[in-house]
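One-based numbering, in listed order, for ligands and for the atoms of each.
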Amino acid sequence: MQPDAMRSAPAGVRKRRFGPLQREVSIIGQGTWYLENGDRASAIAALRSGVELGMNHIDTAEMYGSGAAEELVGEAIAGRREDVFLVSKVLPQNASLRGTKIACERSLARLRTDRLDCYLLHWRGPHPLEDTIAAFEALRQEGKILSWGVSNFDVSDLEEVRRIAGGSSIACDQVLYHLQERAIEHAVTPWCEQHAVAVTAYSPFGHDDFPDARTPGGRVLADIAKAHGATTRQIALAFLTRQSSVFVIPKASTVAHVEENAGASAINLAQAEIALIDAAFPRGRPRRGLPML
Ligand code: NAP
């Protein structure tokens, strides 16, 4: 299946081209870490409602629930595969030349599909990047993945990948990015924009540390939310996706949460509002090393 054969996803959530790919991917997507831990029926309904709303970007990994999250996603997208931009990740310890291919086959089986839209190295590990990239390229030749990318890669790592793979091979860098952790804005996002690499922001709500409404920052979000008839989480997502390279993948276990998150894509923040959020949640000074969960 070639990328352009994808059926147009339902309208709704705003989409953009994903890095160098000829694919329209929803700027608000759906994460799946720990999704298998809650009520299964609710999780499946949530993912399906997201796809209905046009949130075609679904992010999972072999790590999540040791494959249980991928199985859940496979069940949720059965019959809707063409409407989904499906991303999974290989664990660093599996990312040898042979191990990456085997891990990919396992993920495809759990996801009940014949291809991933994008396959990521979850973080840098013991295997040479040359071997992982060679496996990604082989999988791409076979049509088992349509593109590949990395996760938790700092600029020096991205440069190394570019030296090995050349040109426009890297589809995305999936990195930690939320209001209280804006480190990627210093160098990673600019590098990705310069090289047409998509930035996928993980844990956009801070995993489980969203700013409390009683804090000064929380009050800034609440005031802006009120002006837009929106929620503070929607304002946070609108802020994070203000740059054209950035996609967010909040994890939500209920239809209500998914619908709320989807609604963020319609919000356009004014420059003055962006400045207020920027001041309330400053990006801070550049630090050594990329933060990750
Ligand atoms: P997150 O998306 O920042 O936050 C998830 C939390 O927010 C959950 O407790 C969820 O609750 C809640 N939530 C979602 N929508 C809500 C809403 N509208 N109102 C109230 N609460 C809401 O955290 P995350 O799961 O860490 O990150 C998102 C995804 O990024 C992951 O699922 C995973 O796919 C990916 N990720 C990747 C890496 C990596 O190394 N590449 C690392 C971490 C995460 P409910 O579940 O009750 O809806």
For ligand 1, the residues whose heavy atoms come within less than 4.0 Å (ordered by chain, then number): G31, T32, W33, D59, Y64, K89, H122, S151, N152, Q174, Y202, S203, P204, F205, G206, H207, R233, I249, P250, K251, A252, S253, H257, E260, N261

Verify the cluster assignment for I44 and I58: are they in a single hydrophobic cluster under the rule of side-chain heavy atoms below 4.5 Å apart? yes

Connected via hydrophobic side-chain network under 4.5 Å: F281 and I224: yes

Got a salt bridge between K89 and D59, using NZ or NE/NH1/NH2 to carboxylate O under 4.0 Å? yes

E259: side chain to side chain contact (heavy atoms under 4.5 Å, CB included) partners, not counting sequence neighbours: L53, V255

Under 4.5 Å between any side-chain heavy atoms of I170 and F153, yes or no? no

Relative to F85, does R23 satisfy both conditions: NZ or CZ under 6.0 angstrom from the six-membered ring centre, and within 45 degrees of the ring's axis? no

